[in-house]
Q: 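My questions all concern the structure below.
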Amino acid sequence: MASHSSPTFLDNLKALPGNLWNAIFRHGRPTSDRARSQAVFSNVFLHIHSARVHPHSLRLATTWGLGVGLVAQFIILTVTGILLMVYYMPAIGMAYDSMKDIHYVVPTGRVIRNVHRWASHMMVVFVILHMMRVFYTASYKKPREFNWMVGMILFVLTLALAFTGYILPWDQLAYWALTIAANIAGSPNELTASLGFAEGFKPGDVLKELLLGSSEAGQHSLIRFYTLHCVFLPVLTTIAVAVHFWRIRKDGGLARPQGTPTPAGGHPPKVGPAPSMAAPAVQVEEAPRKTYGLMCVVRDRSPHTGKDPDETVPSWPYLLRAELLVFMVVMLMCVALGYFFDAPLRELANPALPENPAKAPWYFLGLQEIVSYSAFVGGIVIPTLTIIGLGLIPFLDREEEAPGIWFSGPRGRRAAAQAAVFAMIAAVLTVAIPVNFGWLRNWFPGIHQLVIIFVNPGTLLTAAYIVWSLVVIRRTRSTRLGGIALFTCFVVGFVILTYVGTYLRGPNWDFYWSTSQWPGH
Amino acid sequence: MARSLMAEVDIQSTDRRVKWWLLIVSLATLALSVAAALQENVFPKWRSTRATYAEILQRKATDSPGRAIADQFEIGPDQHVLPELERVDRCVTCHTGIDDARMADQQQPFRTHPGDFLAVHPPTDFGCTICHRGQGLATALPDAHGNVPFWPKPMIPSRYAYAGCGVCHTHLNVPNLVTLEEGRNVLERYDCLACHRIDGRGGTLRPGEAGGMEGPDLSHVGTSGFDATWYEAHFERFQQAGHRPEVGPGPWKTSFGPIAEEDRRMIESFLATRVGAAEFVEAKSLFHTLGCLGCHKIRGTGGEDGPDLTHLGEKNPRHMDFAHVAGEHTLANWLGQHLRWPGKVVPGSQMPVLGLSDEQIDKLTLYVLSLRVVDLPDRFRPKDHILVERFGQREFAADGATLYTTFCAACHGPEGEGRRYPDSTPFPSVANPDFLAAADDAFIAETIRSGRPGRRMPAWNENEGGLREQEIARIVGHLRDLGGVGEPEVETAEHRWVQADAKAGQRLFLAHCAGCHGAQGEGVDAPQLNNKALLAAAGDTYLVETISRGRRGTAMPGFGRPSPAYPVLPDSDIKSIVAFIRTWKEPSK
């Protein structure tokens, strides 16, 4: 019968699977460009991506996948972190034992904990590499200054997450790292004391108590760090990541060759000499302030009539597959490391028995090296100046250039190489001179404490780097090259000081060429 | 158009590469994840261990309780949760047979726990690690045995297992080895082992034999106590043995006999040390024979030349220096090698080579491994521990002989004969009959109390060395026993009665005394005479008598006795010397 009576219940039941499927996947299989675009555009999780992407963005050497890798690590850390939270107890009598339980008794607990630890270390490495990639390809230039600063916030949040997590096992490593951090927080006292302030004014104590939740490292510190690590910092990071992605889209999208349109359809800002009188003035377009969703591409004449041919490819599946690959590579690295190498866990925290030397996690060892010269300057002043300085780079270097060229060309490469050599020599001298000859207190025993605080190898090294970059600016008349010089100095200095702090410092922070020379007993 | 075609071709090849790599990487990740899941959940060693034990249980199930145990056995982790001890012990995950007597013939880890320790120390209450140490939280070797980096409490090696007793049983009233052996010998001499078993020996006569009768096992009477009237009861049986045919003569006639009172005391004090841990008692006894506490302190009593030993058994091997120690980096190994040759293991150590035998080194290692202090609730403490902690009883037998060998013997010799170590001034002979004849008890006690400041003799009073007055008195008494000389009769009550020419005394001193005692009495090879404590404690009688008698057997001649080597000094000369000695109010060196 061909009559179209209203659908019966049975009809509905028979059609249920198909209708259910279509309700969820409402645009059909992504076999047409239109469906592919819709799959990305109308999905809440995927619509971070633009519907179309330039193939150049998919090349490995463009960005090395570092940003995606970071997101992958963050997801891995969140998932393993939640699993760990099921068994970890943030009480000082139970934290250590719960770590042992996770390792020995919880099914697959060992691997999950290891993955969490190695992913966190990898994330710190990646965040530094990502920052280097973005800087050296000048991808912080206008209009991306704000995103650069959001990235710096993410950098600080990554370090904070790594450090707060480091404290949670409450073993000897954790406890003494916390003590060092607390004492750095308390170091403003050093300054106010040597300035002769009254006994009552102790800003360092306020900072220290803010960090520790008490005057001593103990239960209150642990629960504070636990809350920071598991709730507050991840929420902040998620928000910052969302802003970071949003700004990528709005400021011009993923990295691609100069001159190609953004997948959204606008033109990237044109650079070059001011238009001459001969050629008609070409309107320089800003990055699109409004993007319109591209719903569909047909193979016939494109909507960009008169503009460059469209070289973009649909994000589904090319971009997403490439991202998935990066995600899986990161996952493989984490799982492999987690399977073969156990995360360190030392003895239960013992306030009566300091580790000697008590070393911060590796990413803070460079900082610990300069802290050894002055806690206040090395631990608070220089890091703050560094973060602020790095954050302000896009405002100090306003030269316009197309982003995406490594070192901005041969001049930049030269500037970087020279800066690297200078930075290496300066850093080595910074360590070698005090080791061999002592420092101010050895030569002038009566010297005022303020001089000791401010005139120390750390400050001199920082000053040397700043002076070098100013010299470069003056000589090359280019803030970009000066920026390259300063950034390279920072990276090289960081690497060398971290190396010194890791391998060349022993008990009492004395200098030893190797661990076998450390005094025993 | 052409460009977009090229872009299309490019993207296809890129995409193909991406797809291949994605497949490879995903498969690798999957493989690793599956491997991890299997390794941790299906293949951990403890599972196969428990499976093996399940088979053993099935084989040994000969009756219905056995079969019930075999059927109910689970292949899962097992643990003792001990909140009062603040630990969780998972040793029983693999050590499944410790409380099953049928498993005595099995290989480890299934073997029954030796002895009857588990009856008194049930694992549900005590766990395992409180005695054996190790990492109770772990479920895998070698982590569980604790011989891994960053676990500070590795398991006590099984040959030193008795060292585990020391964490609670600090109080055992153990005398020195001489006394212990004497007690053991008396017990054997009186043939007590005919009827009684002690530490697995004895009970040679079996019931059912002609008139044979076995007495109770005495291995634990030190803790369980024994009837104070045991001798009277035994004696009565002995007397009745001939008169009552139903009892029969048996051992009451052949083995038992009257026991002298002093021997009875020795038997009883030996039995007081029988607590079911003979090895530990022997080790502790040896420690209290060699005089180690002359230089080291334990729980506040002892000398200060060497480090405090109270927590020696808890030291973390990671913080120790193994640069000169061969073999494994364990505490037991370090201690053993240190005892053999201290100066090699700790460069610059003052501790001399003691010349101990291997067996002695083993015993001492066992004892020092037992030196641990763990905070435990009172209900875990043996009651005698309270006597030590609350009532101030000593942790060892505090008779004069044991006190002497514990604190003095290392320097002054086991018989008080004095001793000389290389690179050290000789330690005086304190049981020397001439010394004991010249010195009264008050002087010896004062010397022990105040020591010799600036020299090697420490002050042993309660605030410094930790010895109590009665204990010092007992040591003095023991010295008199060793030397066989009683207290001298004091002729004059005056402490300082010599009146003579100090200048003449100086000439005489320089001529006869300065060679050994130094021109200012600072002591070269011989005791320091210008020592504040000596001059305060010694009476003139002592000084005169010493110079006059000398000390036979030592380098000190008796200047009042005729001798081929030294001139006899008349009384007046001796007094002059004493007068000169008295001019050293403050030591000049």
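Just so we're on the same page: letters track the sequence lines, and every chain starts at 1. Computed from a predicted structure; not experimentally measured.
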Q: Nearest 0.5 Å please: distance from the OH atom of A:Y318 over to the CD atom of B:Q12.
A: 4.0 Å
Q: Check this for me: does any side-chain nitrogen of one of B:D143 and A:K100 sit under 4.0 Å from a carboxylate oxygen of the other?
A: no
Q: Which atom pair, heavy atoms only, marks the closest approach of A:V111 to B:A36?
A: CG2-CB, 3.6 Å
Q: So which of B:I24, B:V25, B:L23 has the largest heavy-atom pair count under 4.5 angstrom toward chain A?
A: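 Most pairs with chain A among the choices: B:V25.
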Q: Which heavy atom in B:F150 sits nearest to a heavy atom in A:E347, and how many Å separate them?
A: O-CG, 3.4 Å
Q: So which heavy atom on B:E40 is nearest to which on A:T108, and how close?
A: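 The pair with the smallest heavy-atom distance is OE1-CA, 2.9 Å.
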Q: Taking side chain as everything from C-beta outward and backbone as N, CA, C, O, which of these in A:L60 sits under 4.5 Å from a heavy atom of chain B? Side chain, backbone, both or neither.
A: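 Neither part.
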Q: Between CE of A:M328 and CG of B:L22, what distance do you get to the nearest 0.5 Å?
A: 7.0 Å
Q: Starting at OG of B:S26, measure out to CG of A:L325 and round the result to the nearest 0.5 Å.
A: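 Interatomic distance, B:S26 OG to A:L325 CG, rounded to 0.5 Å: 8.0 Å.
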Q: Counting only non-hydrogen atoms closer than 4.5 Å, does B:A35 touch chain A with its backbone (N, CA, C, O), its side chain (CB onward), both, or neither?
A: both
Q: Please look at B:A323 and chain A and tell me whether the side chain, the backbone, both or neither of the residue comes under 4.5 angstrom of a heavy atom of that chain.
A: neither
Q: Report, by ascending residue number, the residues of residues 72-89 of chain B in heavy-atom contact with chain A at a distance under 4.5 Å; give 'none' if the set is empty.
A: none
Q: Atom CH2 of B:W151 and atom CG of A:L348: how far apart are they, to the nearest 0.5 Å?
A: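 If we round to the nearest 0.5 Å, B:W151:CH2 and A:L348:CG are 8.0 Å apart.
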Q: Distance-only, no hydrogens or angles: does the B:T139 side chain make a donor-acceptor pair with backbone N or O of A:Y104 under 3.5 Å?
A: yes
Q: So do the side chains of B:R90 and A:D101 get within less than 4.5 Å of each other, counting heavy atoms only?
A: yes
Q: Considering only heavy atoms, which portion of A:E323 lies under 4.5 Å from any heavy atom of chain B: side chain, backbone, both, or neither?
A: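 Neither the backbone nor the side chain of A:E323 comes within 4.5 Å of chain B.
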Q: Between B:L32 and A:F340, is there a side-chain heavy-atom distance shorter than 4.5 Å?
A: yes
Q: Relative to chain B, which segment of A:V106 carries a heavy atom at a distance below 4.5 Å: side chain, backbone, both, or neither?
A: backbone
Q: Considering only heavy atoms, which portion of B:R17 lies under 4.5 Å from any heavy atom of chain A: side chain, backbone, both, or neither?
A: neither
Q: Just wondering, more than 12 heavy atoms not from A:W176 lying within 6.0 Å of its CH2?
A: yes
Q: CG/B:L27 to CG/A:L332 distance, rounded to the nearest 0.5 angstrom?
A: 10.5 Å
Q: Could you give the distance from CG (A:L324) to CH2 (B:W21), rounded to the nearest 0.5 Å?
A: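 Answer rounded to 0.5 Å: 15.5 Å.
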Q: When you look at CZ of B:R379, are more than 12 heavy atoms from neighbouring residues, nucleotides or ligands closer to it than 6.0 Å?
A: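 Check passes, neighbour count above 12.
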